[in-house]
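Here the structure is laid out as structure tokens; the discussion comes afterwards.
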Amino acid sequence: MDWNDYDAALFDLDGVITPTADVHMRAWAQMFGEFLLNRGVTQPYVDADYFTYVDGKPRYDGVRSFLESRGIELPEGKPTDEPTAETVAGLGNRKNAVFEQILETEGVEAYPGSVKLVQALVGRGVKVAIVSSSRNAPAVLRAAEMIDYFPVIVDGRVAAERYLAGKPAPDTFLDAARQLDVPKERAVVLEDALSGVAAGHAGDFGLVIGVNRGVGADALLKNGADIVVDDLEELL
């Protein structure tokens, strides 16, 4: 690809800039595993459930989607629900507590190839933003020492405050492009989640790049990626 054709790069965070997708997977698995066990549900939570129902979606949407797959109904609750609450919001908050504990004890480092690409783009004047469904984006970026590169961060908290629909809707990416003052046709979306590439495709951005961190190149292409790479350094 030729970066001269584009003025902005809109990065997902987890699985694109940092390997926190692995942390999220572990947190979801622990939370849902314990939840299903306590309810006596025999069909266990498996890694495929993460990619099918949770990956890339706002936290409560992920909870709701997975529960529907198991035929489980819970009250919606409120974002202020305690992690112990048996509500959609409570389970989402319970997962977040597990995630924060893992992040605090183990930390996180950005992918070296992603750091190289971001530095190169900033150096040549390409505007960059983070577009993440996670509400932990600033904390993760600070832990990875990457936050100073991104003047615009549209995360789960920002989306909620601005009533922006989450991925696979394109609204959060479109908001980031507007904040950067770049037409969507001149912006590149970089995503590792199926819902994320679908959002980029739905938003009719200039280019949608799928980053294959395990979901599979064919699936990324089928859901809206124009090209797929295994590491962002390939884009230099």
Side-chain angles (χ1 to χ4, degrees), residues 1-3 5-6 8-29 32 43-59 61-70 110-118 121 128-134 137 154 156 165-174 176-177 184-236:
M1 63 173 293
D2 187 352
W3 283 103
D5 294 334
Y6 307 102
L10 313 178
F11 294 87
D12 179 41
L13 176 60
D14 303 320
V16 175
I17 297 296
T18 58
T20 37
D22 295 338
V23 182
H24 282 290
M25 286 185 69
R26 290 165 55 193
W28 282 113
F32 276 134
Q43 184 181 0
Y45 176 90
V46 295
D47 287 347
D49 290 320
Y50 174 80
F51 294 112
T52 303
Y53 305 112
V54 174
D55 190 21
K57 297 179 182 178
R59 190 189 314 155
D61 289 351
V63 172
R64 196 178 301 109
S65 180
F66 174 76
L67 293 179
E68 289 175 358
S69 77
R70 297 300 195 269
Y111 292 108
S114 301
V115 175
K116 291 179 181 178
L117 178 63
V118 170
L121 294 181
V128 297
I130 289 291
V131 182
S132 172
S133 298
S134 172
V154 181
K167 305 168 188 178
D171 302 38
T172 50
F173 282 115
L174 292 170
K184 62 182 182 178
E185 295 81 8
R186 298 283 299 179
V188 177
V189 169
L190 299 99
E191 264 282 359
D192 72 314
L194 300 182
S195 59
V197 294
H201 180 75
D204 198 25
F205 287 88
L207 188 69
V208 180
I209 298 175
V211 186
N212 183 19
R213 304 292 194 192
V215 70
D218 290 343
L220 289 165
L221 291 168
K222 182 179 179 180
N223 280 270
D226 297 307
I227 61 175
V228 174
V229 297
D230 291 326
D231 190 278
L232 295 193
E233 191 172 2
E234 298 173 39
L235 301 170
L236 287 171

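Predicted model, so just to flag it, every value in this text is computed and none were measured. These numbers come from the heavy atoms of this one structure, side chains and all, not from hydrogens, waters or symmetry mates.
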List in chain and number order the residues that pass salt bridge (charged side-chain N to carboxylate O under 4.0 Å, His left out) with [X], two or more places apart in sequence or in another chain; answer none if no residue qualifies.
| X | result |
| --- | --- |
| Asp226 | none |
| Lys116 | Glu233 |
| Arg186 | Asp7 |
| Asp171 | none |

Between [X] and [Y], is there a donor-acceptor pair closer than 3.5 Å when you use the side chain of the first and the backbone of the second?
| X | Y | result |
| --- | --- | --- |
| Arg70 | Pro44 | yes |
| Thr172 | Gly166 | no |
| Ser133 | Gly56 | yes |

Identify, with sequence neighbours excluded, every residue that meets side chain to side chain donor-acceptor pair (under 3.5 Å) alongside [X].
| X | result |
| --- | --- |
| Thr52 | none |
| Lys184 | none |
| Asn223 | none |
| Glu234 | none |

[Y] side chain reached by [X] side chain, heavy atoms, under 4.5 Å:
| X | Y | value |
| --- | --- | --- |
| Val188 | Leu235 | no |
| Leu117 | Phe11 | yes |
| Val229 | Asn212 | no |

Applying side-chain hydrogen bond (donor to acceptor under 3.5 Å, both in side chains), which residue pairs with at least one partner in residues 187-202 are found, sequence neighbours left out? Lys167-Glu191
Please report the closest heavy-atom contact between [X] and [Y], naming both atoms and the distance.
| X | Y | answer |
| --- | --- | --- |
| Ala199 | Phe205 | O-CE1, 4.5 Å |
| Gly210 | Ala225 | N-CB, 3.8 Å |
| Gly196 | Val189 | O-CG1, 4.5 Å |
| Gly203 | Leu174 | O-CD2, 4.2 Å |
| Gly15 | Val211 | O-CG1, 4.3 Å |
| Ser69 | Tyr53 | CB-CZ, 3.3 Å |

Stepwise side chain to side chain contact (heavy atoms under 4.5 Å, CB included) test for Glu68 and Val63: CA-CA 9 Å; Glu68 289 175 358; Val63 172; over 6 Å; no
Apply ring-ring contact (aromatic ring centres under 6.0 Å, His included) to Phe32 and list each qualifying residue two or more places apart in sequence or on a separate chain. Trp28, Tyr45, Phe66
Restricting to pairs with a member in residues 198-210, which pass salt bridge (charged side-chain N to carboxylate O under 4.0 Å, His left out), not counting sequence neighbours? none
Do Tyr50 and His24 pass the side chain to side chain contact (heavy atoms under 4.5 Å, CB included) test, and can you show the C-alpha distance, the side-chain angles, and the key distance before you say yes or no? CA-CA 9 Å; Tyr50 174 80; His24 282 290; 4.0 Å; yes
Would Leu194 and Leu220 satisfy side chain to side chain contact (heavy atoms under 4.5 Å, CB included), going step by step from the backbone distance to the final call? CA-CA 6 Å; Leu194 300 182; Leu220 289 165; 4.1 Å; yes
Got a second to check how far [X]'s [atom1] is from [Y]'s [atom2], nearest 0.5 Å?
| X | Y | atom1 | atom2 | answer |
| --- | --- | --- | --- | --- |
| Asp231 | Leu236 | CG | CG | 9.0 Å |
| Ile17 | Leu190 | CD1 | CG | 8.0 Å |
| Asp12 | Ser134 | CG | OG | 9.5 Å |
| Thr18 | Ile130 | OG1 | CD1 | 8.0 Å |
| Asp47 | Arg26 | CG | CZ | 12.0 Å |

Hey, is CG on Asp5 packed in by over 12 heavy atoms from elsewhere, all under 6.0 Å? yes
Just do the side chain to side chain contact (heavy atoms under 4.5 Å, CB included) check on Tyr111 and Val16 with the steps written out, would you? CA-CA 8 Å; Tyr111 292 108; Val16 175; over 6 Å; no
Got a sec, which residues hit side-chain contact (heavy atoms from CB on, under 4.5 Å) with Ala137, two or more places apart in sequence or on another chain? Leu13, Ser132, Ile153, Asp155
